[in-house]
K.L.:
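Can you read through this structure? Questions will come right after.
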Amino acid sequence: MFRDTVSREPTASTLAVGSRPSRIRTMNLLNELRSLFEPALLAVGADPAKVPDYLGMVKPSADAKHGDYQANFAMPLAKVLGKKPPEVAKEIIDATPTDGVIEPPTVAGPGFINLKLTDAWIAEQVQTIAASDRLGVAMAATPKTFVIDYSGPNVAKPLHVGHLRSTIIGDALVRLLRFLGHTVVGDNHLGDWGTQFGMLIYGYRTFLNKEAYKSDPVRELARLYVLVRNVGGTIDILSNAFTNFRDQAAFEADPVAELTRLYVNGLKRAKGSDDDDDEAKGPFVNPVADAYRRETAKLHAGDADNLKLWQEFMPACMEEIHKVYRQLDILPMDHELGESFYQPMLAGVVEELQAKGVSETGDGGSVIIRFGENNVALIRKRDGAFTYTTTDLATIKHRIATWKPDAVLYVVDFRQGHHFKNLFTAAERWGFSGVEFNHVSFGSVLGKDGKPLKTRDGGVPELSTLLDRAVELGGHLFELIHWQRAAMGHDVPKWDEISDAEKQEIARVVGIGAVKYADLSQSRTSDYRFDFDKMLATNGNTATYMQYAYARCRSIFRKGNADEKAFRTRPPKVLLTHPAERALAVQLLKFEEVLSNAAAEYLPHYITQYLWDVAKAFSGFFEGCPVLTAGSEELKASRLLLTDLTARTIQTALGLLGIRTVERM
RNA sequence: GCCCCCGUAGCUCAGGGGAUAGAGCAUCGGUUUCCUAAACCGAGGGUCAUAGGUUCGAAUCCUAUCGGGGGCACCA
């Protein structure tokens with residue numbers, strides 16, 4: 001019942017140690033403990049149907065002084081059985097075999113059962129997982145197929161911070177689910193068929209700098225996009241103001257002054273700093289917007305010239321996007337099927353939905369899907385054009401037909417929650433039941449001040465600029481600390497003897513890692529503040545801290561001339577002679593438990609929380625337990641094993657988040 | 001107007017039925033002949049927005065109110 005998520009197959013390494021073959025197979029501590037209590041719960045008369053719920057009440061202790069885990073089922077059970085909680089607890093304990101896994105449990109407070117793992121069992125388990133190249137993490141017993149929809153940039157626009165979360169959360173989920181043995185299809189649902197291309201085409205025809213385009217098409221296209229957007233925006237503000245707010249007398253007296261006034265006020269309105277209540281809403285013409293919309297329409301209608309330009313622009317745009325992905329250490333996407341790919345299917349989708357009665361005819365010949373009295377989704381506009389809902393439905397059909405997934409995850413901004421709720425309802429009505437559709441939603445990236453992130457001139461910061469800055473700051477940090485340490489007389493290599501390549505590598509790993517970790521360590525669903533100072537802090541739950549902990553582990557092996565391979569192929573016996581050793585060992589055993597929780601809820605921050613716990617436990621160990629100068633060879637070997645396992649756990653966990661480590665820093 | 005999310009230490013955030021509500025930053029104090037001090041140890045700091053309710057037990061679940069953010073068919 002708690003077992004069906006992990007494989008029970010013994011691995012070669014567990015068998016090698018297996019003096020007690022029946023019990024010791026999984027590294028999932030929680031499942032192990034829960035299984036101990038199942039017979040006892042039935043024996044004292046718990047309702048078998050509720051046993052899984054009761055077993056769910058076995059959880060890690062909130063406070064270490066109460067043991068490693070606690071069982072809270074005696075209280076509710078006592079209520080049902082008409083007994084006192086401590087009595088029930090006692091009965092259960094008496095009927096529960098400890099199997100050498102736990103010390104005899106104790107009852108505390110109103111009926112808590114406190115569980116403490118035996119040192120012998122912990123030591124044995126740690127030795128076992130050290131020999132596992134998966135660190136004891138089992139493959140999923142029932143591997144599933146996931147389609148993950150993430151990143152989804154608009155191809156013609158530069159990536160900005162808004163794309164950051166979807167990209168790195170999606171990437172982390174791809175890595176995590178794959179690690180657990182699932183089949184994962186990562187699909188980058190590109191916005192490659194929208195208005196942006198109309199803007200590019202219009203910009204190309206109107207403002208193109210031919211030489212710039214020839215030498216660096218990507219940059220020139222980006223310039224055109226921004227230019228068209230700005231020109232369009234300016235004209236938008238001006239024409240609206242001119243139509244609706246013009247003081248005719250002032251305009252005739254001094255047209256320039258009046259236009260300036262209108263523009264300035266319009267800017268204020270556009271920034272939302274004025275109340276819009278008294279704004280007259282009259283129609284106005286924006287020739288630029290008009291023009292690029294026409295280009296978009298022509299493209300969609302199959303105009304040969306525009307299509308040719310689209311085909312010319314696409315590779316350059318994609319290269320620009322891939323460049324940022326590489327900068328971010330994102331795994332290559334399995335597929336990048338964008339809106340253009342689905343475009344030919346849309347008419348058929350609407351026909352099918354109409355035929356099945358999923359959709360109905362709306363105002364003026366449009367086609368809608370109705371979910372409630374005031375809740376409809378448009379799938380074909382009056383003018384015959386399709387919407388993103390139509391594309392998303394076509395995408396669902398294609399994905400299910402192509403990959404037969406058990407689950408489709410959409411890693412998309414929380415603001416689209418309503419859209420996805422409707423979309424999933426529509427998919428179900430269409431007949432795609434039995435598939436888990438899940439909007440893996442996330443909050444916004446805000447500036448340090450809690451407001452939407454803006455550059456100095458008010459624009460949205462481009463992602464690549466931000467990442468360049470992160471790398472630069474990572475490099476500064478490394479250099480700063482290097483000189484500080486040198487000044488303190490610490491054992492550091494000479495600055496000039498560190499190669500530029502290594503310095504650059506450290507800057508990248510630290511800088512990019514900081515950005516990703518800061519994002520992933522935040523609860524996915526809440527907004528977070530983008531703050532370089534905080535993400536590059538050397539203290540606290542940051543990538544830097546984890547990378548440092550890793551580098552310290554590696555340093556011990558370098559200093560001690562120890563070969564880590566020996567601790568993986570033939571792990572020595574683990575000795576727990578110090579509380580810090582025990583605390584670290586217990587943390588290392590929790591890896592699987594944490595990964596399965598993170599995967600079950602698609603919450604990467606469970607992994608960062610765990611990393612923090614491991615790194616803190618390692619710090620305690622590092623302070624309290626000398627490794628290379630341990631009292632005996634046996635103890636030294638045991639501590640080296642713990643050190644190596646810590647390094648591997650940190651490296652693997654960071655790796656699942658798409659964050660790298662360096663051997664020294 | 002309707003719907004969704006949020007409100008926890010000075011700040012940024014975890015915890016989302018279980019024991020005395022945690023962490024980082026900031027503040028104050030301490031640690032370096034010793035494997036990386038990018039580190040560690042200690043201290044102070046809370047009406048978990050408010051008011052009711054459910055429960056053996058509520059920061060957590062329910063209701064209402066206040067405050068913040070977001071979304072509501074022809075943009076995606």
Side-chain angles (χ1 to χ4, degrees), chain A residues 57 59 61-63 65-66 70 72-73 75-76 78-79 85 108-112 114 152 154 191 193-196 339 362-364 366-370 372-389 391-392 413-419 421-422 441 443-444 446 448 450 477-478 480-482 484-485 488-492 510 521-523 525-529 531 533-534 536-542 544-545 547-549 551-560 605 608-609 612-613 616 619-620 622-630 639-640 643 664-665:
Chain A
M57 295 177 192
K59 46 183 70 175
S61 282
D63 190 329
K65 72 167 179 266
H66 296 133
Q70 59 177 302
N72 299 336
F73 43 58
M75 283 86 81
K79 175 103 173 144
F112 298 108
N114 289 334
N154 283 316
W193 197 242
T195 316
Q196 326 86 293
E339 293 166 337
D363 295 345
S366 61
V367 179
I368 60 169
I369 303 178
R370 181 169 291 285
E373 203 172 335
N374 289 315
N375 182 9
V376 299
L378 188 68
I379 58 170
R380 197 175 70 199
K381 301 180 197 172
R382 268 196 291 256
D383 65 6
F386 303 104
T387 69
Y388 72 130
T389 305
T391 311
D392 277 343
D413 193 327
F414 75 103
R415 286 184 292 240
Q416 296 202 35
H418 187 234
H419 164 66
K421 199 169 170 234
N422 282 345
S441 105
S444 310
L446 304 173
K448 215 172 163 175
L477 183 65
F478 175 51
L480 178 76
I481 288 172
H482 176 90
Q484 272 177 11
R485 289 173 59 195
M488 293 291 282
H490 291 262
D491 178 22
V492 286
V510 169
S521 61
Q522 195 73 200
S523 171
T525 51
S526 48
D527 295 348
Y528 84 97
R529 301 184 181 209
D531 180 352
D533 291 336
K534 208 179 144 187
L536 282 158
T538 58
N539 238 311
N541 192 5
T542 62
T544 321
Y545 184 91
Q547 288 160 337
Y548 177 67
R552 275 171 133 188
C553 292
R554 304 298 304 137
S555 169
I556 291 175
F557 273 79
R558 273 197 306 275
K559 278 267 157 63
H605 83 280
T608 61
Q609 185 58 51
W612 175 236
D613 291 337
K616 272 192 300 188
S619 269
F622 188 87
E623 298 289 324
C625 306
V627 176
L628 300 176
T629 55
R639 287 182 174 171
L640 278 169
T643 303
R664 63 170 186 175
M665 61 191 279

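Note on naming: letters A, B, ... go to the chains in the order of the sequence lines (proteins, then strands), and numbering restarts at 1 for each one. The figures here come from the full heavy-atom set of this structure, side chains too, leaving out hydrogens, waters and symmetry mates.
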K.L.:
Is a donor-acceptor pair below 3.5 Å formed from side chain A:Asn114 to base B:rA19, judging by atom type as modelled?
P.N.:
yes

K.L.:
Less than 4.5 Å apart, side chain to side chain, heavy atoms only: is that true for A:Asn422 and A:Asn375?
P.N.:
yes

K.L.:
Which comes earlier along RNA chain B counting from the 5' end, the contact point of A:Pro76 or that of A:Gly620, where each point is its nearest nucleotide?
P.N.:
A:Pro76

K.L.:
Look at the side chain of A:Thr629 and the backbone N and O of A:Pro626, then say whether any donor-acceptor pair between them is shorter than 3.5 Å.
P.N.:
no

K.L.:
Do side-chain atoms of A:Gln547 reach the backbone of A:Met665 as a donor and acceptor pair under 3.5 angstrom?
P.N.:
no

K.L.:
Select base, sugar-phosphate, or nothing to describe what A:Asn539 touches, counting heavy atoms under 4.0 Å on all strands.
P.N.:
sugar-phosphate

K.L.:
Taking the P atom in each of B:rG22 and B:rC48, what is the distance between them to the nearest angstrom?
P.N.:
14 Å

K.L.:
Should we count NZ of A:Lys421 as having more than 12 external heavy atoms under 6.0 Å?
P.N.:
no

K.L.:
In whole angstrom, what separates A:Arg529's CZ from B:rA26's C1'?
P.N.:
16 Å

K.L.:
At 4.0 Å (heavy atoms only), tell me whether A:Cys625 reaches a base, stays on the sugar-phosphate, or touches nothing.
P.N.:
base

K.L.:
Looking for any heavy atom pair under 4.0 Å, which part of the strands does A:Leu477 touch: base, sugar-phosphate only, or nothing?
P.N.:
base

K.L.:
Atom pairs, N/O to N/O, protein against nucleotides 73-75 of chain B, distance under 3.5 Å?
P.N.:
unit_1: B:rA73; atom_1: N6; unit_2: A:Asp363; atom_2: OD2; d: 3.4
unit_1: B:rC74; atom_1: O2; unit_2: A:Arg382; atom_2: N; d: 2.7
unit_1: B:rC74; atom_1: N4; unit_2: A:Arg382; atom_2: NH1; d: 2.8
unit_1: B:rC75; atom_1: O5'; unit_2: A:Lys381; atom_2: NZ; d: 3.4

K.L.:
How long is the line joining NE2 of A:His490 and P of B:rC40, in whole Å?
P.N.:
14 Å

K.L.:
Check every strand shown and say whether A:Gln522 touches a base, only sugar-phosphate, or nothing at a heavy-atom separation below 4.0 Å.
P.N.:
sugar-phosphate

K.L.:
Has A:His66 got its ring stacked on the base of B:rA19, with centres under 5.5 Å and planes less than 30° apart?
P.N.:
yes

K.L.:
How far does CZ of A:Arg529 sit from CD of A:Gln522, to the nearest 0.5 angstrom?
P.N.:
10.0 Å

K.L.:
Per the atom types in the model, does the base of B:rA76 pair as donor or acceptor with the side chain of A:Glu339 at under 3.5 Å?
P.N.:
no

K.L.:
Any base atoms under 4.0 Å from A:Tyr528, or only sugar-phosphate, or nothing? Heavy atoms, all strands.
P.N.:
sugar-phosphate

K.L.:
Under 4.0 Å, counting only non-hydrogen atoms across every strand here, what does A:Met57 touch: a base, just sugar-phosphate, or nothing?
P.N.:
nothing

K.L.:
Regarding A:Lys421, tell me which of base, sugar-phosphate or nothing describes its non-hydrogen contacts under 4.0 Å with the strands shown.
P.N.:
nothing

K.L.:
Dot-bracket for RNA chain B, please. Rules: Watson-Crick or G-U, both distances under 3.5 Å, ( ) within the strand, [ ] when a pair crosses earlier ones, | for another strand, . otherwise.
P.N.:
(((((((..((((....[...)))).(((((.......))))).....(((((..]....))))))))))))....

K.L.:
How about A:Arg639 and A:Ile556: do any of their side-chain heavy atoms sit closer than 4.5 Å?
P.N.:
no

K.L.:
Between atom CZ in A:Arg554 and atom C1' in B:rA38, what is the gap in whole Å?
P.N.:
18 Å

K.L.:
For A:Ser526, which contact category applies under a 4.0 Å heavy-atom criterion: base, sugar-phosphate, or nothing?
P.N.:
sugar-phosphate

K.L.:
Could you tell me how far apart A:Arg664 (CZ) and B:rA38 (C1') are, to the nearest whole angstrom?
P.N.:
15 Å

K.L.:
If each of A:Lys559 and A:Thr525 is mapped to the nucleotide of RNA chain B with the nearest heavy atom, which maps nearer the 5' terminus, i.e. the 5' end?
P.N.:
A:Thr525

K.L.:
Any donor and acceptor pair, going by atom type alone, linking the side chain of A:Ser444 with main-chain N or O of A:Leu446 inside 3.5 Å?
P.N.:
no

K.L.:
Rounded to whole angstrom, note down the P distance from B:rC13 over to B:rA59.
P.N.:
23 Å

K.L.:
Mark yes or no for whether A:Thr387, through its side chain, and A:Leu378, through its backbone, hold a donor-acceptor pair below 3.5 Å.
P.N.:
yes

K.L.:
Between A:Asp383 and A:Lys381, does a salt bridge (charged side-chain N to carboxylate O under 4.0 Å, His left out) hold up when you go through it step by step?
P.N.:
CA-CA 5 Å; A:Asp383 65 6; A:Lys381 301 180 197 172; 5.5 Å; no

K.L.:
Hey, does A:Phe557 reach any base, or is it just sugar-phosphate, or nothing, if we go heavy atoms under 4.0 Å?
P.N.:
nothing

K.L.:
Rounded to whole angstrom units, what separation is found between the NZ atom of A:Lys448 and the C1' atom of B:rC25?
P.N.:
12 Å

K.L.:
Specify the separation, in whole Å, of atom CZ of A:Phe414 and atom P of B:rC4.
P.N.:
15 Å

K.L.:
Whole-Å distance between B:rC11 P and A:Lys534 NZ?
P.N.:
13 Å

K.L.:
Using only atom types and a distance under 3.5 Å, with no angle test, would you say the side chain of A:Thr391 pairs donor to acceptor with the backbone of A:Glu339?
P.N.:
no

K.L.:
Quick one: label A:Gln547 by what it contacts on the DNA or RNA (base, sugar-phosphate, nothing), any heavy atom closer than 4.0 Å.
P.N.:
nothing

K.L.:
When all nucleic acid strands are considered with a 4.0 Å heavy-atom cut-off, which category describes A:Ser619: base, sugar-phosphate, or nothing?
P.N.:
sugar-phosphate

K.L.:
When the P atoms of B:rC25 and B:rC61 are considered, how many whole Å apart are they?
P.N.:
30 Å

K.L.:
Measure CG/A:Asp413 against C1'/B:rA76 and give the value in whole Å, please.
P.N.:
12 Å

K.L.:
Just to be sure I understand the rule, does A:Ala108 reach a base, reach only the sugar-phosphate, or reach nothing, if contact means heavy atoms closer than 4.0 Å?
P.N.:
base

